[in-house]
Amino acid sequence: QVQLVESGGGLVQAGDSLKLSCAVSGGTFSGYALGWFRQAPGKDREFLAVINWISGSTYYTDSVKDRFTISRDRGKNTLYLQMNSLKPEDTAVYYCAADSTITVATINPGQGNEYDYWGQGTQVTVSS
């Protein structure tokens with residue numbers, strides 16, 4: 001019953017900003033971690049950031065922590081990814097995902113196989 005629906009992607013120029021949204025439904029998400037991943041053409045799925053739904057504690061992969069910010073609004077049942085100073089190499093399909101069992105692996109998830117629920121993805125294209 002858990003559903004995650006991404007939105008906010010689009011075509012932007014290098015240096016622009018985008019804020020992605022992920023509408024969540026079907027649960028209280030107490031004890032869940034909500035994360036963002038991306039997958040570029042011909043590349044493996046890449047972990048970006050994760051947030052504890054209740055506490056708001058965050059963790060970022062080193063490659064994006066200086067430009068991207070993960071947040072959530074529990075009242076709006078929405079997860080966000082603010083992306084600044086976008087580069088062409090940020091071009092990818094961006095996915096939100098939920099992990100129902102928070103462990104050390106939650107912040108080192110590889111391609112995200114341990115995450116239980118996934119959105120359909122939203123395309124972000126950054127032109128130079």
Side-chain angles (χ1 to χ4, degrees):
Q1 301 299 102
V2 172
Q3 289 187 306
L4 309 174
V5 181
E6 302 94 334
S7 62
L11 175 62
V12 299
Q13 295 183 334
D16 285 353
S17 297
L18 272 180
K19 190 171 186 177
L20 305 181
S21 297
C22 174
V24 305
S25 62
T28 65
F29 295 94
S30 178
Y32 278 58
L34 276 294
W36 287 97
F37 296 76
R38 68 185 180 189
Q39 188 165 26
K43 302 292 185 180
D44 291 335
R45 181 178 286 160
E46 177 188 14
F47 168 75
L48 300 175
V50 65
I51 188 168
N52 182 297
W53 188 250
I54 298 299
S55 74
S57 297
T58 60
Y59 180 84
Y60 298 87
T61 191
D62 287 342
S63 63
V64 304
K65 65 181 180 182
D66 57 333
R67 297 184 294 125
F68 293 6
T69 302
I70 189 171
S71 63
R72 87 283 187 259
D73 187 327
R74 292 194 292 142
K76 295 181 179 180
N77 293 317
T78 304
L79 176 74
Y80 301 101
L81 184 68
Q82 177 68 50
M83 305 186 294
N84 298 325
S85 301
L86 284 164
K87 307 172 182 179
E89 52 262 45
D90 294 318
T91 295
V93 177
Y94 284 70
Y95 299 90
C96 59
D99 186 357
S100 63
T101 305
I102 300 175
T103 70
V104 173
T106 302
I107 62 172
N108 187 28
Q111 296 183 35
N113 290 337
E114 73 176 50
Y115 281 66
D116 303 295
Y117 307 101
W118 293 83
Q120 84 290 347
T122 186
Q123 176 71 47
V124 173
T125 302
V126 184
S127 63
S128 61

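Predicted model, so just to flag it, every value in this text is computed and none were measured.
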Apart from [X] itself, residues in the same hydrophobic cluster as defined by side-chain heavy atoms under 4.5 Å:
X	value
Val50	Phe37, Phe47, Tyr59, Val93, Tyr95, Ile107, Tyr115, Trp118
Ile102	none
Leu11	none

Applying salt bridge (charged side-chain N to carboxylate O under 4.0 Å, His left out) to Glu6 and not counting sequence neighbours gives none
Shortest non-hydrogen pair, Ile54 vs Asn52, comes out as N-OD1, 3.0 Å
Applied to residues 70-82, the side chain to side chain donor-acceptor pair (under 3.5 Å) test, sequence neighbours excluded, yields Gln82-Asn84
Using atom types as modelled, flag every donor-acceptor pair under 3.5 Å from a side chain in residues 26-33 to any protein atom, sequence neighbours excluded.
from, atom 1, to, atom 2, distance (Å)
Thr28, OG1, Ser30, N, 3.4

- Has the side chain of Thr91 got a donor or acceptor atom that lies under 3.5 Å from a matching backbone atom of Val126? yes
What pairs with [X] under side-chain hydrogen bond (donor to acceptor under 3.5 Å, both in side chains), at least two apart in sequence or on another chain?
X	answer
Glu114	Thr106
Ser57	Ser55
Ser100	Asp116
Gln3	none

Hits for side chain to side chain contact (heavy atoms under 4.5 Å, CB included) against Asp62, two or more places apart or cross-chain, chain-then-number order -> Lys65
Distance col, row Thr122:OG1 vs Leu18:CG, nearest 0.5 angstrom, shows 9.0 Å
Q.
With side chain to side chain contact (heavy atoms under 4.5 Å, CB included) as the criterion, how do Leu48 and Tyr94 come out once you've worked through the C-alpha distance, each side chain's angles and the decisive distance to 0.1 Å?
A. CA-CA 10 Å; Leu48 300 175; Tyr94 284 70; 3.6 Å; yes
Can you list the steps and then say if Thr69 with Tyr60 is a side chain to side chain contact (heavy atoms under 4.5 Å, CB included)?
CA-CA 8 Å; Thr69 302; Tyr60 298 87; 3.6 Å; yes
Applied to residues 8-101, the disulfide bond (SG atoms under 2.5 Å apart) test, sequence neighbours excluded, yields Cys22-Cys96
